[in-house]
Amino acid sequence: MEDQLKAVADSYDRSIDFGREGIDPYKTLPERITSDPSYKLFVKMQENGNLSDSGREEIRAFLSPKPEIRFIDLGCCLNLMFRGYDKWESLYHGVDISPHTIELLQTYTNRHRLRTGALVCCGMHKTPFADAYFDIGACIGSLEYFERDYVRSALKEIHRLIKPAGRIVLDIPDVGSPEFASIAIIEEHLGRTERFDLTVAEFEAEIRPFWHLVHREKVGPMLQYFLTSTK
């Protein structure tokens, strides 16, 4: 687990560094990937905006961010900068395992004088926040990199963090689908291999004791879950 956590952190650190140099890693892929038949599906999903997106209006509508409620974004990447979370009225807290990501977000919030709760560099399985500290949360594009033991730890931590009747949106990869295969080959090239090894039935068995499933949506290579806490 520690090796995979480091690999994912290092990969996203490199992506931040590339971005500072004006390089988009998704546009500099090697021929062995761009010539793969699955790559055409990736391009089509990208063109149609059908990749799993943390900025979807459906997420905002479900979470219903309001003033003075706390929002936790686990595996936050640059959602605050590029997915509209800086416009949400809720108090933003971001958690990411990539130090360069957190540094960039801190620079961004300082430059734009944004009010945030905290930006923390840590794994989503163990955060520094108190029990039931958050009203709403999101965990998009993060669980896919880890095997079942880590996923269970992360789910336990998410449940600890969210208040009774709180809401969260999270996603998992649609393993075995052509859409997932098309993105997995690219993610492996970028140094963050997709390791998620739970079936949909197994994952839903993990969340069932703690969350009420409002609905589930397939978004490109991912399945997004809209959940309310049952504690």
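Positions are given from 1 along the sequence.
In this structure, OG on S15 lies 12.0 Å from CZ on R20, to the nearest 0.5 angstrom. Considering CG of L41 and OG of S177, their distance stands at 8.5 Å, rounded to 0.5 Å. For the atom pair CD1 (I102) and OG1 (T107), the distance works out to 11.0 Å, reported to the nearest 0.5 Å. Here the SG atom belonging to C139 is positioned 11.0 Å from the CD atom belonging to Q224, to the nearest 0.5 angstrom. Interatomic distance, CE of M1 versus CD of E147, reported as 11.0 Å (0.5 Å rounding). Atoms CG and CG, from N79 and D96 in turn, are 9.0 Å apart once rounded to the nearest 0.5 Å.
Not counting sequence neighbours, the partners of D135 by the salt bridge (charged side-chain N to carboxylate O under 4.0 Å, His left out) test are K163. Applying the ring-ring contact (aromatic ring centres under 6.0 Å, His included) test to F82 and every residue at least two apart in sequence or in another chain returns nothing. Listed by chain and residue number, E68, L91 satisfy the side-chain contact (heavy atoms from CB on, under 4.5 Å) test with R115 (two or more places apart in sequence, or in another chain).
For the pair R216 and F226, the NZ or CZ position fails the cation-pi test of under 6.0 Å to the six-membered ring centre and within 45 degrees of the ring normal.
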How far apart are the C-alpha atoms of V214 and L227, what are their side-chain angles, what is the distance that settles it, and do they pass the side chain to side chain contact (heavy atoms under 4.5 Å, CB included) test? CA-CA 6 Å; V214 178; L227 308 170; over 6 Å; no

Decide yes or no on side chain to side chain contact (heavy atoms under 4.5 Å, CB included) for R195 and Q4, but give the supporting numbers first. CA-CA 9 Å; R195 293 183 179 245; Q4 180 67 354; 3.0 Å; yes

Which is it for I172 and L198 under the side chain to side chain contact (heavy atoms under 4.5 Å, CB included) test, yes or no, and what are the steps along the way? CA-CA 9 Å; I172 63 170; L198 290 164; over 6 Å; no

Let's go through E204 and Y225 carefully: what are the C-alpha distance in whole Å and the side-chain angles of both, what is the deciding distance for side chain to side chain contact (heavy atoms under 4.5 Å, CB included) to 0.1 Å, and is it a yes or a no? CA-CA 10 Å; E204 293 184 358; Y225 286 80; 2.8 Å; yes

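In this structure the side chain of Y92 reaches within 4.5 angstrom of the side chain of L80, judged on heavy atoms. Considering only heavy atoms from C-beta on, I140 stays 4.5 Å or farther from D73 through its side chain. Inter-residue side-chain proximity for F203 and V175 is flagged as unmet; no heavy-atom pair is nearer than 4.5 Å. Side-chain contact check for M45 versus E179: some heavy-atom pair is nearer than 4.5 Å. F129 has its side chain within reach of F134: a pair of non-hydrogen atoms, C-beta onward, lies under 4.5 Å apart. Between R56 and E217 there is a side-chain heavy-atom pair separated by less than 4.5 Å. For the pair L223/V200, a side-chain contact is recorded, criterion being any heavy-atom separation below 4.5 Å from C-beta on. At a threshold of 4.5 Å between non-hydrogen side-chain atoms, the residues F62 and T228 count as touching.
Across all their heavy atoms, S142 and G75 have their closest contact at OG-CA, 3.3 Å. Here the closest non-hydrogen pair linking F196 and L143 is CD1-O, 3.5 Å. The shortest heavy-atom contact between I59 and S54 is CD1-O, 3.7 Å. For D86 against L114, the heavy-atom pair with the smallest separation is CB-CD1, 3.9 Å.
Taking the six-membered ring for Trp and thresholds of 30 and 60 degrees, Y108 and H112 have ring planes inclined between 30 and 60 degrees apart.
Counting non-hydrogen atoms of other residues, nucleotides and ligands closer than 6.0 Å to CD of E202 gives a total above 12.
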Donor-acceptor pairs under 3.5 Å, side chain of residues 205-212 to any protein atom, not counting sequence neighbours: which ones?
from : atom 1 : to   : atom 2 : distance (Å)
E206 : OE2    : R152 : NE     : 2.7
E206 : OE2    : R152 : NH2    : 3.2

Report, one line per pair, each donor and acceptor closer than 3.5 Å where one atom sits in a side chain of residues 119-127; sequence neighbours left out.
from : atom 1 : to   : atom 2 : distance (Å)
H125 : ND1    : Y150 : OH     : 3.0
T127 : OG1    : E157 : OE2    : 2.7

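Partner of L105 under the side-chain contact (heavy atoms from CB on, under 4.5 Å) criterion, chosen from S98, C77, C76: C76.
Comment: D10 does not engage R14 in a salt bridge, judged by the lack of any side-chain N to carboxylate O separation of less than 4.0 angstrom.
Cluster membership check: Y26 does not share its hydrophobic cluster with I23, using side-chain heavy-atom separations under 4.5 Å among Ile, Leu, Val, Met, Phe, Trp and Tyr. Placement of F18 and L78 in two distinct hydrophobic clusters is found when ILVMFWY residues are connected by side-chain heavy-atom separations under 4.5 Å, directly or transitively.
D13 places a side-chain N or O within donor-acceptor distance of the main-chain N or O of H100, the cut-off being under 3.5 Å. Not a single donor-acceptor pair under 3.5 Å links the side chain of K44 to the backbone N or O of Q46. Judged by distance alone, the side chain of R192 and the main-chain N or O of Y145 form no donor-acceptor pair under 3.5 Å.
Side-chain contact, S64 with K66: a donor N or O sits under 3.5 Å from an acceptor N or O.
In this structure, H93 has its ring center at least 6.0 angstrom away from the ring center of F71.
Among pairs with a residue in residues 26-36, none fulfils salt bridge (charged side-chain N to carboxylate O under 4.0 Å, His left out), at least two apart in sequence or across chains.
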